[in-house]
**Q** 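First the structure, then my questions, so here it is.
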Protein chains: 2
Amino acid sequence: MITSDLEVKVKFLHGFSHRTRIQILEAIKHNEKTVSEIIQTVNASQSNISQHLACLKGCGMVVGRQEGKYIYYSLRNQKVRDLLTMFDEVLEEVEEEVACCKKEVE
Amino acid sequence: MITSDLEVKVKFLHGFSHRTRIQILEAIKHNEKTVSEIIQTVNASQSNISQHLACLKGCGMVVGRQEGKYIYYSLRNQKVRDLLTMFDEVLEEVEEEVACCKKEVE
DNA sequence: CACACATATTCGTTATTGCTAATATGATGA
DNA sequence: TCATCATATTAGCAATAACGAATATGTGTG
């Protein structure tokens with residue numbers, strides 16, 4: 001039961017491993033956005049956002065649909081949305097200790 | 001409500017961004033283990049595992065408790081465990097598309 | 001205290017990832 | 001078809017992260 005291959009998991013989770021990608025996911029958490037809108041929201045270069053979107057798409061986290069000259073991106077499904085919500089919940093409880101890697105001193 | 005700071009989230013999620021760290025989390029998902037046991041399970045060098053454990057600790061994902069000359073590591077709390085379970089659930093649904101970043105060709 | 005064992009830390013090197021700039025593709029509409 | 005706008009891709013350089021080897025710290029025991 002539920003024993004997904006490690007490699008797949010690694011690839012999937014890679015989607016969460018960059019500030020900009022997390023911002024993109026947050027940006028489209030509740031409603032789809034065009035690339036242009038994402039660029040504005042996240043405030044990064046077109047090329048940069050496009051590359052991160054490619055990554056997120058490859059990770060299976062987001063999907064894009066074309067409509068006219070725009071491409072709308074959104075989370076792949078409700079589970080991914082739940083996952084994002086869960087992060088927030090866990091963080092509520094952990095926030096303090098999160099100093100991450102190197103130097104958790106003060 | 002539930003609006004954890006982006007920086008904190010980035011740091012926390014960084015914990016999931018490496019194969020070895022994911023393996024460690026899986027290894028201690030259901031019961032605590034000593035560093036030595038983790039080293040054997042994951043099959044990496046002592047130094048390497050120790051560094052990743054420091055990272056995971058800094059990310060707020062795991063905690064360690066000393067008992068005699070051993071240190072037992074375990075997931076910080078039930079929420080983190082739920083998160084890991086959720087990953088598996090999401091992966092069940094996404095598995096196929098997950099080719100991640102660069103080249104989702106075959 | 002000296003020794004053995006468990007774990008942590010540091011340092012220098014290598015590998016991976018991200019970024020920018022330039023260019024390419026693809027769709028729309030005059 | 002040509003011009004324009006939206007997005008994707010490539011290439012080369014810059015920034016980060018990971019690793020192994022060596023060393024340090026800490027704990028129990030004779």
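Side-chain atoms are counted along with the backbone in the values below, which use heavy atoms only and exclude waters and symmetry mates. Below, read A as the first sequence line, B as the second, and so on, with proteins coming before strands; counting in each chain starts at 1.
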**Q** Could you identify which residues cluster with A:Y72, counting Ile, Leu, Val, Met, Phe, Trp and Tyr as linked when any side-chain heavy atoms lie under 4.5 Å apart, either directly or through a chain of such contacts?
**A** A:Y70
**Q** Output, in order, the C-alpha distance, side-chain angles, deciding distance and verdict of side chain to side chain donor-acceptor pair (under 3.5 Å) for B:K29 and B:T85.
**A** CA-CA 9 Å; B:K29 182 174 179 185; B:T85 299; 3.1 Å; yes
**Q** Group every Ile, Leu, Val, Met, Phe, Trp and Tyr by side-chain heavy-atom contacts under 4.5 Å, then state whether A:V90 and A:L84 land in the same group.
**A** yes
**Q** Map A:S17 and A:Q66 onto DNA chain C by nearest heavy atom, then report which one ends up closer to the 5' terminus.
**A** A:S17
**Q** What is the distance, to the nearest angstrom, from the CG atom on A:L53 to the P atom on D:dT9?
**A** 11 Å
**Q** What side-chain donor-acceptor pairs closer than 3.5 Å can you find for residues 38-48 of chain A, not counting sequence neighbours?
**A**
unit_1 : atom_1 : unit_2 : atom_2 : d
A:T41  : OG1    : A:E37  : O      : 2.8
A:S45  : OG     : A:N48  : N      : 3.1
A:S47  : OG     : A:Q51  : NE2    : 3.0

**Q** Rounding to a whole Å, what distance do you find between A:I71:CD1 and D:dC5:P?
**A** 17 Å
**Q** Using whole Å, what does the distance between atom C1' of nucleotide D:dT16 and atom CZ of A:R19 come to?
**A** 15 Å
**Q** Take the protein atom CD1 of A:I22 and the nucleotide atom P of C:dG18, then report the distance between them rounded to whole Å.
**A** 11 Å
**Q** Could you report the tightest heavy-atom contact between A:S74 and A:E32, atom names first, then the distance?
**A** CB-CB, 3.7 Å
**Q** Where the side chain of B:K69 is defined as all heavy atoms beyond and including C-beta, which of D:dG20, C:dA8, C:dC5 is the nearest nucleotide?
**A** C:dC5
**Q** Contact class for B:T34 vs. all strands (heavy atom < 4.0 Å): base, sugar-phosphate, or nothing?
**A** sugar-phosphate
**Q** Any N/O pairs under 3.5 Å between the protein and nucleotides 22-24 of chain D? List them or say none.
**A**
none

**Q** Shortest non-hydrogen contact from A:I24 to A:L56?
**A** CG2-CD1, 3.8 Å
**Q** Is the phosphate of D:dC19 approached by B:H18 (side-chain N or O, under 4.0 Å from OP1 or OP2)?
**A** yes
**Q** Between B:H14 (NE2) and D:dT16 (C1'), how many Å, whole number?
**A** 9 Å
**Q** If I take atom CD1 in residue A:I39 and atom C1' in nucleotide D:dA6, what distance separates them, rounded to the nearest angstrom?
**A** 8 Å
**Q** In whole angstroms, how far is the C1' atom of C:dA6 from the CZ atom of B:R65?
**A** 15 Å
**Q** So if I take every side-chain heavy atom of B:Y70 and compare against C:dA8, D:dA8, C:dA6, which nucleotide ends up nearest?
**A** C:dA6
**Q** So, do B:R65 and B:I71 sit near enough that their side-chain heavy atoms are less than 4.5 Å apart?
**A** no
**Q** Figure out the CD/P separation between B:Q23 and D:dA18, and round it to whole Å.
**A** 14 Å
**Q** Just to confirm, is there a sub-4.0 Å distance from OP1 or OP2 of D:dT7 to any side-chain nitrogen or oxygen of A:S50?
**A** no
**Q** Of the nucleotides C:dT10, C:dA8, C:dG18, which has the atom closest to the B:Q51 side chain?
**A** C:dT10
**Q** Verify the contact: side-chain N or O of B:H52 to OP1 or OP2 of D:dA17, cut-off strictly under 4.0 Å; return yes or no.
**A** no
**Q** Are OP1 or OP2 of D:dA18 and a side-chain N or O of B:R21 less than 4.0 angstrom apart?
**A** yes
**Q** With no hydrogens and no angle check, is any side-chain donor or acceptor of B:K33 less than 3.5 Å from a backbone partner on B:A27?
**A** yes
**Q** Of B:V35 and A:E67, whose closest DNA chain C nucleotide lies nearer the 5' terminus?
**A** B:V35
**Q** Would you mind classifying the nucleic acid contact of A:Y73 as base, sugar-phosphate or nothing, using non-hydrogen atoms under 4.0 angstrom?
**A** sugar-phosphate
**Q** D:dC19, C:dT20, D:dA8: which one has an atom nearest the side-chain heavy atoms of A:N48?
**A** C:dT20
